[in-house]
Structures are given as C-alpha cells and as structure tokens.
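Written below as structure tokens is the structure these notes are about.
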Amino acid sequence: MPKKVDHEARRQEISGALWRIASTRGLDGASLRDVAAEAGISLGRLQHYFRTKDEMLAFALRRINQLAGDRIRASIEAAGAEPSPRPVLRACLAGMLPLDAKSRIGTLVGVAYFARAVHDEQLRAEARDGIPVLRAFFADQLRLAAERGELAPSRATEDEAMLLISLVDGLSTYILLDVHGPQQALELLDLHLANLFGPPADGEKGAAGDQ
C-alpha cells in the first residue's frame, strides 16, 4: 500500500530550507534548485509542491506570519484574561520586530517577497491584504484605550494605527542594517508608546511579555 504523504508537512520542510538559506546568504540569488538541494530533495519533487519561487515565498511568508501570530497571542494571553490596550499593542508591535534569529529570518523572507511584489501585481495584492485588517485591529485598541481614559480621543484613529505599523517597519529595516540593535528598537518603540499613552504604569510594559 503506498505511503500516505503529508503534503502540508512537506511544504513546511521546504519552507524550512528556504529560511535556512535566508539566514545564511539571503534569498536574492537563491533558486528553486538551491532550495531543493538545501531540503535534500530533487528539483522535480520540490516543483510538485511549488511551481515557482513566488509560490514558495508566498507560502513561507504566510507560515512565518502564522508563527509570529501564535507568539503574539501567547504573549497577550500571558498578560491575563483582559489585558489593557497598551500591553496588547506593545506585544503585537514587538512581535513584528526581528528581535531574535527566528524573527530575523521571517523579516528577511518578507523583504525578499516584498521586493518581488513591487513588480508583480498578484504578489502586491496579497502583500497588501493583511494591512487593513491589522490597521483596524490597532485602531480598535486605540479607541478602547480612549474609552478607558488611557489615551486622548484625538489619537484614537486609523491614521495613528497606520503610524504604528510604519514605525515597526522602519525599526525592522534598521535592525537588519545594523543601524540599531533589537534592544534599542524596543526602547524606541516604548518611547513612542510613552508619547502616545504617557509613562507606563508599574509592570505594564512587561505585562504582555518583554522580548
């Protein structure tokens, strides 16, 4: 009887090979053949799961985002049953930064994907899809903070939410370029949140999990 193949597991194994290449030499010149060699499979077998490099990058990016989301949710849950908006936002924003080896690889894969998306409408549309959802979630947290008297109502807007996303994008880029390290990026993030919310209450900054 033929052995049943777990296709999702195989795709994840191939993604793992892609991540290893990203962490050591980058993805700019990496081909499907390079990834197949890193995964220990033939090019034909890899193309059974991913016909193109773009398909592989898209899957890898979705997988990385899923894992990052899992880490962020665990961090928020560790804060208790109903954490206030500020630590929720900090956990989300810190979880989007490349603060360790795994999250750095995720950012590198994202950079490779976005560089290709600039010249490909289908990839660009997929890259854009998650931004309105994230912006709306952040805006909801800001509005909740305003309702609780923790934030000026004038700052509880989707524009402010977009500034938070843009801040993390910029901090991530400068971590990759060694303009600053992960710890300084966190300090800058906390400085911005302090300007937005005021000084944190005792223990509030770490309530959603310091990185």
Legend entry - Step-by-step salt bridge (charged side-chain N to carboxylate O under 4.0 Å, His left out) determination, E150 to R155: CA-CA 11 Å; E150 299 167 359; R155 306 294 296 273; over 6 Å; no
Legend entry - D169: side chain to side chain donor-acceptor pair (under 3.5 Å) partners, not counting sequence neighbours: none
What's the separation between atom [atom1] in [X] and atom [atom2] in [Y], rounded to the nearest 0.5 Å?
| X | Y | atom1 | atom2 | answer |
| --- | --- | --- | --- | --- |
| L57 | L123 | CG | CG | 8.0 Å |
| Q184 | I175 | CD | CD1 | 9.5 Å |
| S42 | H48 | OG | NE2 | 11.0 Å |
| T52 | R116 | OG1 | CZ | 7.5 Å |
| I14 | I41 | CD1 | CD1 | 4.0 Å |
| R135 | T157 | CZ | OG1 | 10.5 Å |

Could you check whether any side-chain heavy atom of [X] comes within less than 4.5 Å of a side-chain heavy atom of [Y], counting everything from C-beta outward?
| X | Y | value |
| --- | --- | --- |
| L67 | K102 | no |
| P182 | L97 | no |
| L144 | S84 | no |
| R71 | S103 | yes |
| R90 | L186 | yes |
| D120 | R124 | no |
| L188 | L167 | no |

Inset, instruction - For F197, enumerate each residue passing the ring pair (Phe, Tyr, Trp, His ring centres under 6.0 Å) test, keeping only those at least two apart in sequence or located in another chain. - result: none
Legend entry - Set of ring pair (Phe, Tyr, Trp, His ring centres under 6.0 Å) partners for F138, sequence neighbours left out: none
Legend entry - Over 12 non-hydrogen atoms of neighbours within 6.0 angstrom of CZ in R148: yes
Inset, instruction - Determine whether more than 12 heavy atoms belonging to other residues, nucleotides or ligands lie under 6.0 Å from atom CD of Q122. - result: no
Linking I/L/V/M/F/W/Y whenever any side-chain heavy atoms sit under 4.5 Å apart, do [X] and [Y] land together?
| X | Y | answer |
| --- | --- | --- |
| I64 | V111 | no |
| L32 | F59 | yes |
| F137 | I165 | yes |
| M162 | L134 | yes |
| L61 | W19 | yes |

Could you list the residues that satisfy side-chain contact (heavy atoms from CB on, under 4.5 Å) with [X], not counting sequence neighbours?
| X | answer |
| --- | --- |
| A17 | R20, V35, E38, A39 |
| R25 | I21, D34 |
| L177 | T173, Y174, V179 |

List the atom of [X], the atom of [Y], and the distance in Å for their closest heavy-atom pair.
| X | Y | value |
| --- | --- | --- |
| A94 | L99 | O-CD1, 3.6 Å |
| L46 | M56 | CD1-SD, 4.4 Å |
| P83 | V88 | CG-CG2, 3.7 Å |
| P153 | A146 | CA-CB, 4.0 Å |
| M96 | S172 | O-OG, 3.7 Å |
| S15 | A60 | OG-CA, 3.8 Å |

Inset, instruction - Please assess L196 against E160 for the test side-chain contact (heavy atoms from CB on, under 4.5 Å), listing each intermediate value before the final yes or no. - result: CA-CA 9 Å; L196 189 59; E160 196 71 53; 3.7 Å; yes
Inset, instruction - Could you tell me whether a side-chain N or O of R104 sits under 3.5 Å from a main-chain N or O of P98, the two making a donor and an acceptor? - result: no
Inset, instruction - Indicate yes or no: does E8 engage R63 in a salt bridge with an N to O separation below 4.0 Å. - result: no
